[in-house]
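What follows is a short report on a single structure.
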Amino acid sequence: MKAAFEAVVKSCPTSWQPMPTARRSPMSAPSRRTPGVRGRPRARRTRTAAASPYRSARKRSGGVSLRTSSLTTNVEPQIAVTRTRAESARSASRRGRSGALTAGDDTGRRERRSYHHRPMTPAPRVRFAPSPTGSLHVGGARTALYNWLFARRHGGTFILRIEDTDVERNRPELVDQILEAMTWLGMTWDEGPFHQSERTHLYREAAERLLSEGKAYRAFETPEELEAARKAAEAQGETFRYSGAGREIPKAESDRRAAAGEPFVLRLKMPDEPIVVDDVVQGRAEFPAGALDDFVLTRSDGHPLYHFSVCVDDVAMGITHVIRGVDHLANTPKHVALFRALGAEAPKFAHLGMILGPDGKKLSKRHGAAGAEEFRAQGLLPEALVNFLALLGWSPGEDRERMTMDEMAALFSLERIGPSPSRFDHEKLAWLNGQYLQDVPAGRLADLVKPFGVPAGCSDETLLRAIPLQKPRAKTLVELAQGLSSWVADPADWDAAGLKKFGKPANAPLLKTFLERIAAIEPLTHAGIEEAARALAAEAGVKLGDLAQPVRLALTGTLASPPLFEMIEVLGLETTRRRVLALAARIESPEAPS
RNA sequence: GCCCCCAUCGUCUAGUGGCCUAGGACGUCACCCUUUCAAGGUGAAGAUCGCGGGUUCGAAUCCCGCUGGGGGUACCA
């Protein structure tokens with residue numbers, strides 16, 4: 001299995017380089033091309049090249065698709081939205097959710113744009129920001145997919161950003177794996193991949209600004225001191241919160257201690273008022289003031305921490321909608337406070353429910369497969385996996401289930417995402433994959449199935465003719481390969497139960513007679529074979545099955561296979577004769593080793 | 001502990017106050033088709049909408065409480 005998978009991976013075209021990567025030119029940080037669109041005060045920005053995000057978005061939506069992706073949805077079909085603006089607005093408010101970019105709004109925007117006016121609402125910019133501490137988990141794949149679908153639906157931009165600020169846990173070799181998985185799934189990105197590890201100057205600048213503006217401050221406690229304080233608080237049954245002691249240190253003293261080389265972290269001054277997070281999916285949540293303490297922005301070694309780099313980058317990249325897992329919901333008030341401190345408007349948030357294993361526990365390798373490449377190795381088709389993942393939390397309504405990526409992109413909306421966690425049902429995935437498999441032409445299927453093992457010596461022609469017979473019996477490429485192997489090659493042995501039931505001595509002459517009859521058929525078609533078989537069964541006074549089953553046993557070694565006469569047609573007379581004679585010989589001398 | 005979120009057939013979901021005797025899909029079961037196994041077709045079983053209160057002429061849908069599940073509470077992401 002493992003070898004097969006490696007073969008698959010090798011055979012996969014690895015061509016995702018058309019986009020400029022931050023890696024190649026680290027200095028071309030998007031802050032230049034994409035200045036804090038919403039973040040910094042307008043006046044400070046020059047609106048020439050700086051307007052590029054708008055420009056490129058407009059070009060793309062004009063049907064000129066800059067980065068040609070076959071998956072890019074055209075503008076026109078997208079207008080086929082089912083809900084009117086009024087309906088969307090009403091439902092959004094009734095739900096108490098903030099209706100970010102409802103379908104209706106967007107339709108209106110699109111119309112305006114066709115008159116070459118600057119859109120009132122800029123095209124959305126979304127990002128998928130995996131951290132290379134593991135492969136692409138299905139949860140991550142689904143998050144990426146929703147971001148991708150949202151961008152496509154609204155003619156926006158999908159950005160890929162690698163969150164690799166944690167040097168210790170970061171495994172660079174996993175980046176390629178994640179990129180490859182995304183490519184396999186058909187999710188192309190418009191910008192990136194940007195590596196946070198190559199954007200440290202941005203975080204440093206932001207940190208300095210926050211410090212000088214008095215929105216952040218230095219704190220000199222050591223990790224050990226904090227740990228001790230935390231333990232003490234817990235011992236008293238209280239929640240530990242940072243005291244805010246650093247806030248009281250006079251600026252001059254703080255500067256002096258820093259200059260003297262005393263290690264410090266930077267902490268954000270949290271506002272003294274409750275923070276409301278208006279989530280498109282989860283609804284409105286209010287976090288009381290004081291529930292969050294002044295969290296750490298940068299470590300004592302100067303490295304930015306997750307919350308900080310995320311917000312700085314979201315501002316720098318002009319992110320308008322943050323679509324991510326619920327595990328980040330509780331972090332969101334921190335981000336909201338940070339966006340404010342950075343002088344930026346917070347993006348719209350959409351937090352997706354957890355994907356759980358079939359047992360309701362957190363999905364992991366224990367549940368069979370959790371990473372995209374594992375599903376690939378199991379012989380799943382990317383279009384089926386993507387379709388299945390899309391339905392985990394999102395529903396287009398109208399009982400639609402099978403959809404292409406283009407169709408999903410045309411139907412997608414954040415308002416139709418459910419807030420609750422969902423379980424990963426392998427059975428349904430397999431079923432869906434089987435449905436997709438039936439639509440793949442034999443030629444392409446032949447290429448796809450080869451890495452999963454096809455009997456040596458099987459010609460392409462035989463494979464091409466055999467696949468249509470085996471296809472309806474397979475849900476995955478693995479099953480297809482196994483099914484094919486069961487009859488394209490000579491059987492190594494015969495099924496014991498089959499031998500017992502159909503290995504009666506009287507069957508040996510019957511098998512030989514069958515061979516004589518079909519040898520006379522020219523050309524050897526399954527219809528002709530069936531006719532001959534029926535005639536012979538009638539003559540012999542047995543049911544068709546009593547003739548067909550021994551022949552099937554001879555051909556496949558088993559009692560279950562594709563239609564017998566069609567197999568004979570594909571296999572040809574010589575192969576059929578060889579296998580039937582082998583079984584006849586076995587029947588005649590049961591003691592001889594087979 | 002504290003803060004936040006979630007809750008409709010076994011599973012994914014539809015449902016946005018009357019159209020719900022709760023719809024679809026996977027799975028399960030039965031029958032049909034049939035040379036076997038699948039696929040396919042037809043049909044069935046399966047949810048007192050987690051529980052308890054309220055609001056209303058009317059609640060799966062709105063409000064409150066409870067229970068259960070999940071997340072956060074790091075110089076991880």
Side-chain angles (χ1 to χ4, degrees), chain A residues 87 90-92 94-95 129-133 163-166 168-170 219 221-223 226-227 230 233-234 236-241 263-267 277 279 282-283 285-288 290-293 295-301 303 305-307 309-310 325-334 351 353-354 356 358 360 362 388 391-395 397-402 418-432 434 438 470-475 483 498 530 533-534 537 543-549 551-553 556 558-565:
Chain A
E87 277 167 358
R90 192 187 47 189
S91 72
R94 208 181 279 154
R95 242 172 160 179
S131 137
T133 50
E163 313 236 313
D164 54 357
T165 48
D166 186 350
E168 281 111 64
R169 307 201 320 161
N170 186 23
E221 291 81 3
T222 65
L226 291 171
E227 190 50 39
R230 185 170 294 121
E234 273 166 22
Q236 299 214 327
E238 280 168 26
T239 309
F240 170 76
R241 282 202 191 84
F264 63 87
V265 298
L266 221 52
R267 285 181 184 269
V277 175
D279 193 275
Q282 302 289 337
E286 189 171 320
F287 296 79
L292 287 338
D293 59 3
F295 64 97
V296 176
L297 263 21
T298 61
R299 307 208 290 202
S300 49
D301 63 5
H303 269 100
L305 249 23
Y306 168 75
H307 300 303
S309 54
V310 163
V326 256
D327 44 332
H328 290 292
L329 183 59
N331 289 327
T332 305
K334 293 181 183 175
H351 285 96
M354 206 79 161
L356 309 170
K362 200 166 178 173
F388 175 76
L391 261 12
L392 242 40
W394 173 74
S395 159
E398 297 170 11
D399 296 333
R400 292 225 20 209
E401 295 223 306
R402 255 194 85 180
S420 44
S422 43
R423 298 184 192 206
F424 195 95
D425 182 2
H426 290 269
E427 296 277 4
K428 185 159 183 175
L429 207 211
W431 168 80
L432 193 59
Q438 304 317 310
Q470 196 61 49
K471 192 166 77 164
R473 269 148 270 265
K475 290 204 194 75
E530 175 163 0
R534 285 188 188 279
K543 285 186 291 183
L544 184 57
D546 292 328
L547 169 60
Q549 284 302 75
V551 176
R552 190 187 314 280
L553 182 65
T556 71
T558 70
L559 295 180
S561 81
L564 183 63
F565 309 124

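All figures in this text were calculated on a predicted structure; none of them were measured in a lab.
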Under 4.0 Å, heavy atoms only, any strand: does [X] hit a base, just the sugar-phosphate, or nothing?
X: Leu559(A); result: base
X: Gly393(A); result: sugar-phosphate
X: Phe295(A); result: nothing
X: Ser561(A); result: base
X: Glu286(A); result: sugar-phosphate
X: Arg423(A); result: sugar-phosphate
X: Glu401(A); result: base
X: Arg534(A); result: sugar-phosphate
X: Pro358(A); result: nothing
X: Leu564(A); result: base

Open item on the list: Does any part of the side chain of Leu553(A), heavy atoms only, come nearer than 4.5 Å to the side chain of Leu559(A), both counted from C-beta?
Closed with: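 The answer is yes, as the side chains (C-beta and beyond) meet within the 4.5 Å cut-off.
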
In Å, rounded to the nearest 0.5 Å, how long is the span from [atom1] of [X] to [atom2] of [Y]?
X: Met354(A); Y: Ser420(A); atom1: CE; atom2: OG; result: 13.5 Å
X: Lys428(A); Y: Arg423(A); atom1: NZ; atom2: CZ; result: 15.0 Å
X: Phe287(A); Y: Thr332(A); atom1: CZ; atom2: OG1; result: 6.5 Å
X: Lys475(A); Y: Leu429(A); atom1: NZ; atom2: CG; result: 11.5 Å

Nearest-Å distance for atom pair [atom1]/[atom2], residues [X] and [N]:
X: Phe565(A); N: U34(B); atom1: CZ; atom2: P; value: 14 Å
X: Glu427(A); N: G10(B); atom1: CD; atom2: P; value: 16 Å
X: Asp399(A); N: G23(B); atom1: CG; atom2: C1'; value: 6 Å
X: Gln470(A); N: U36(B); atom1: CD; atom2: P; value: 17 Å
X: Asp425(A); N: C9(B); atom1: CG; atom2: P; value: 14 Å
X: Gln549(A); N: U35(B); atom1: CD; atom2: C1'; value: 6 Å
X: Trp431(A); N: G24(B); atom1: CH2; atom2: P; value: 14 Å
X: His351(A); N: C4(B); atom1: NE2; atom2: C1'; value: 11 Å

TODO: Would you check if there is a donor-acceptor pair between the side chains of Gln470(A) and Arg473(A) at a distance under 3.5 Å?
DONE: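 On atom types as modelled, these side chains do not qualify, holding no pair under 3.5 Å.
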
Open item on the list: By nearest atom, which of the nucleotides C26(B), A14(B), C5(B) is closest to the Ser395(A) side chain?
Closed with: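 The listed nucleotide nearest to Ser395(A)'s side chain is A14(B).
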
Task: Options U35(B), A25(B), C37(B), nucleotide nearest the side-chain atoms of Ala560(A) - done: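 Output: C37(B).
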
Considering every strand shown, what is the Watson-Crick or G-U wobble mate of [N] when both distances are under 3.5 Å?
N: U36(B); value: none
N: A25(B); value: U11(B)
N: U73(B); value: G1(B)
N: C51(B); value: G65(B)

Open item on the list: One character per nucleotide, please: for nucleotides 65-77 of chain B, 5' to 3', B when the base has a protein heavy atom closer than 4.0 Å, S when only the sugar-phosphate does, - otherwise.
Closed with: ------BS-SBBB

Roughly how many Å apart are [M] and [N], using the [atom1] atom of each and rounding to a whole number?
N: C51(B); M: U67(B); atom1: C1'; value: 7 Å
N: C57(B); M: C12(B); atom1: C1'; value: 36 Å
N: U28(B); M: U21(B); atom1: C1'; value: 24 Å
N: G46(B); M: G65(B); atom1: C1'; value: 31 Å
N: U61(B); M: U55(B); atom1: C1'; value: 13 Å
N: A25(B); M: A14(B); atom1: P; value: 15 Å
N: C64(B); M: G27(B); atom1: P; value: 40 Å
N: G53(B); M: A59(B); atom1: P; value: 13 Å

Ignoring hydrogens, what is the shortest heavy-atom contact between [X] and [Y]? Give both atom names and the distance.
X: His351(A); Y: Gly325(A); answer: CD2-O, 3.3 Å
X: Arg402(A); Y: Leu432(A); answer: CG-CD1, 3.7 Å
X: Val310(A); Y: Glu163(A); answer: CG2-OE1, 3.3 Å

Task: Closest-nucleotide 5' rank along RNA chain B - winner of Pro288(A) and Gly545(A) - done: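 It is Pro288(A) whose nearest nucleotide is closer to the 5' end.
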
- [ ] Identify whether the distance between the nearest side-chain nitrogen and carboxylate oxygen of Glu234(A) and Arg230(A) falls below 4.0 Å.
- [x]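 No salt bridge links Glu234(A) with Arg230(A).
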
